[in-house]
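Side chains included, hydrogens not; waters and symmetry mates left out as well; all remaining heavy atoms used.
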Amino acid sequence: VSGAAGGRIGAEVEVSSDTLRLLEAWSRPPGGVWEERVDCTGTCSRWPCGLADPTSRYANIRSIHMAYVELHCHSAFSFLDGASLPDELVAAALELGHTTLALTDHDSVSGSMEFAQSARSLGLRAIHGAEVTVADDHGIRHLTLLVRDATGWRSLCRLLTRAHAHTGDGSTDASRRNARPPSVTLEEVEAHTEGLLCLSGCATHGVRDEPTMRRLVRAFGREHVRVE
């Protein structure tokens, strides 16, 4: 299911009920998610199949398609971390067979407009987000925040505004400014969770301790926190 087929990531296969139960518990790969597309033999029009018994969710599914979705991606708007412009990332994703891509630049949504316009014109589903720097007692850490809806976009923009609010001392004299890197506190993240999905961050600077993860689960909700 996870292999390449015909140059595209993912494959459509006939699956048994045992395999479907295994897929239900499939762990997500680092930085991404497996996107399901099902072929149902029933008459229901909803996806996933809207069965009365949730334990038999896959009872009448004939086949399943799993496609990889990259949820942690930097563009050239992440200085010294990303090299490609958003429209180049969209073209590359489509060339590789992706149908969806998330753009998560460091403490910024500067590339979101270009990303959205390019994705719409070329037929790619765009997910907006940012890798936010969190400064606390553990030092500097990163959280990847993905926008789920319009409310989430507002939450992310407000959080990024706070992240950049202290990057200068407010002086109009550039020589007197005390610029600092953008960051937010964990408490500020907890106050701006509505409409967002939280990933635990990159391998180098992500959140890895259990107490912080439990705080994030309480703040975002169990369904909206994932470990990268």
Side-chain angles (χ1 to χ4, degrees), residues 28 31-35 47 67-79 81-82 84-94 98-136 141-167 181-202 205-207 212-213 215-228:
R28 291 171 174 81
V33 66
W34 294 105
E35 186 178 66
W47 180 90
Y68 179 75
V69 178
E70 181 59 56
L71 299 180
H72 191 141
C73 179
H74 299 315
S75 74
F77 286 94
S78 292
F79 186 57
D81 204 347
S84 302
L85 293 172
D87 61 337
E88 296 172 330
L89 291 174
V90 170
L94 290 170
H98 293 273
T99 59
T100 307
L101 178 67
L103 181 64
T104 56
D105 282 314
H106 283 292
D107 300 303
S108 172
V109 289
S110 299
S112 290
M113 181 61 72
E114 182 180 343
F115 179 55
Q117 290 177 337
S118 179
R120 173 174 291 185
S121 65
L122 294 178
L124 183 79
R125 180 190 173 197
I127 299 176
H128 298 280
E131 187 172 12
V132 177
T133 301
V134 179
D136 57 17
R141 300 191 288 178
H142 295 164
L143 287 175
T144 307
L145 302 180
L146 302 177
V147 171
R148 296 191 291 114
D149 51 32
T151 300
W153 176 256
R154 289 194 295 268
S155 297
L156 181 61
C157 288
R158 288 168 179 165
L159 192 60
L160 292 177
T161 297
R162 289 179 175 271
H164 288 268
H166 64 269
T167 56
S183 67
V184 293
T185 64
L186 190 57
E187 289 74 17
E188 287 173 322
V189 173
E190 291 173 317
H192 296 83
T193 62
E194 192 174 2
L196 293 173
L197 187 143
C198 177
L199 307 182
S200 61
C202 60
H205 299 292
V207 172
T212 303
M213 288 302 301
R215 286 182 63 175
L216 293 173
V217 169
R218 287 195 297 269
F220 286 89
R222 187 181 182 88
E223 297 301 316
H224 299 137
V225 176
R226 296 291 185 269
V227 175
E228 288 193 52

Query raised in the report: Which heavy atom of Pro86 sits nearest a heavy atom of Gly111, and at what distance?
Result: CG-O, 3.7 Å

Query raised in the report: Between Val69 and Arg125, is any pair of side-chain heavy atoms under 4.5 Å apart?
Result: no

Report task. Without swapping roles, check the side chain of Asp107 against the backbone of His164 for a donor-acceptor pair under 3.5 Å. Result -> no

Query - Any donor-acceptor N/O pair, Thr104 side chain to Cys73 backbone, under 3.5 Å - result: yes

Query raised in the report: Can you list the steps and then say if Thr193 with His224 is a side chain to side chain contact (heavy atoms under 4.5 Å, CB included)?
Result: CA-CA 9 Å; Thr193 62; His224 299 137; over 6 Å; no

Report task. Search all heavy atoms of Gly195 against all heavy atoms of Asp149 and return the closest pair with its distance. Result -> CA-OD1, 3.4 Å

**Report entry** Presence of salt bridge, Arg215 and Glu187, under 4.0 angstrom
**Finding:** yes

**Report entry** Flag for Glu228-His72: side-chain donor and acceptor within less than 3.5 Å
**Finding:** yes

Requested in this report: Could you check if a side-chain atom of Leu143 sits within less than 4.5 angstrom of a side-chain atom of Leu216, using non-hydrogen atoms only?
Outcome: yes

Query raised in the report: Is the backbone N or O of Tyr68 less than 3.5 Å from a side-chain atom of His98, with the two atoms forming a donor-acceptor pair by type?
Result: yes

**Report entry** Short side-chain to backbone donor-acceptor contact, His192 and Glu188, under 3.5 Å
**Finding:** yes

Report summary line: Checking Leu145, Thr151, Leu146 against Leu196 for side chain to side chain contact (heavy atoms under 4.5 Å, CB included), the one that qualifies is Leu145

Query - Gap between atom CG of Leu71 and atom CG of Leu197 - 0.5 Å precision - result: 8.0 Å

Query - Nearest-0.5 Å distance that lies between atom OG in Ser108 and atom CZ in Phe79 - result: 13.5 Å

Query - Met213 side chain reached by Val227 side chain, heavy atoms, under 4.5 Å - result: yes

Query raised in the report: In Å and rounded to the nearest 0.5 Å, what is the CG to NE2 distance from Leu103 to His74?
Result: 9.0 Å

**Report entry** Closest contact, heavy atoms only, Asp105 versus Ser78
**Finding:** OD1-OG, 2.7 Å

Report task. Kindly indicate whether the side chain of His142, heavy atoms from C-beta on, has any atom under 4.5 Å from the side chain of His106. Result -> yes

Query - Closest heavy-atom pair and its distance - Leu85, Ala76 - result: CD2-CB, 4.0 Å

Query - Value rounded to 0.5 Å, distance of CG in Leu160 from OG in Ser110 - result: 9.0 Å

Requested in this report: Step by step, work out the side chain to side chain contact (heavy atoms under 4.5 Å, CB included) result for His128 and Val109.
Outcome: CA-CA 8 Å; His128 298 280; Val109 289; 6.0 Å; no

Report task. Return the set of residues passing salt bridge (charged side-chain N to carboxylate O under 4.0 Å, His left out) with Glu88 (not counting sequence neighbours), or none when no residue passes. Result -> none

Report summary line: Residues Ala102 and Phe115: closest non-hydrogen pair is C-CZ, 4.4 Å

Query - Point-to-point distance, once rounded to the nearest 0.5 Å, from OG1 of Thr185 to CG of Leu159 - result: 8.5 Å

Requested in this report: Quick one: pull up OG in Ser75 and CG in Leu89 and give me the separation to the nearest 0.5 Å.
Outcome: 6.0 Å

